[in-house]
Amino acid sequence: MSHSSPNSSIRCRVNSCQFHMENKDLCSLSAIQVEPCGCACTGKAQDESCCASYKCKGC
């Protein structure tokens, strides 16, 4: 799987992810998996869901 082309359908501002296309705020994956984050149950999107396709750039 190549990760060199930006996917204009997946917007991303997570600079620490290895799939983040710098200076474009796009993801290079063809698709991502979104999963629930624990049991926050706050009703706020940032507390309820996360990108399960995330891979740390520096790890």
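We use all heavy atoms of the structure for the numbers below, so side chains are in, but hydrogens, waters and symmetry mates are not.
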Enquirer: Atom CG of Asn7 and atom OG of Ser30: how far apart are they, to the nearest 0.5 Å?
Expert: 7.0 Å
Enquirer: Take Ile32 and Cys27 through the side-chain contact (heavy atoms from CB on, under 4.5 Å) test and state the conclusion after the steps.
Expert: CA-CA 9 Å; Ile32 62 167; Cys27 180; 4.1 Å; yes
Enquirer: Please report the interatomic distance CD(Glu22) to OG(Ser28), rounded to the nearest 0.5 Å.
Expert: 11.0 Å
Enquirer: Would you give the length of the straight line joining atom OG of Ser53 to atom CD of Gln18, rounded to the nearest 0.5 angstrom?
Expert: 11.0 Å
Enquirer: Atom NE2 in His20, atom CD1 in Ile10: separation rounded to 0.5 Å?
Expert: 12.5 Å
Enquirer: How many angstroms lie between CG in Leu29 and OG in Ser9, if you round to the nearest 0.5 Å?
Expert: 12.5 Å
Enquirer: Say you draw a straight line from SG of Cys12 to OH of Tyr54; how long is it, rounded to the nearest 0.5 Å?
Expert: 9.5 Å
Enquirer: For atom NZ of Lys57, is the number of surrounding heavy atoms from other residues, nucleotides or ligands below 6.0 Å larger than 12?
Expert: yes
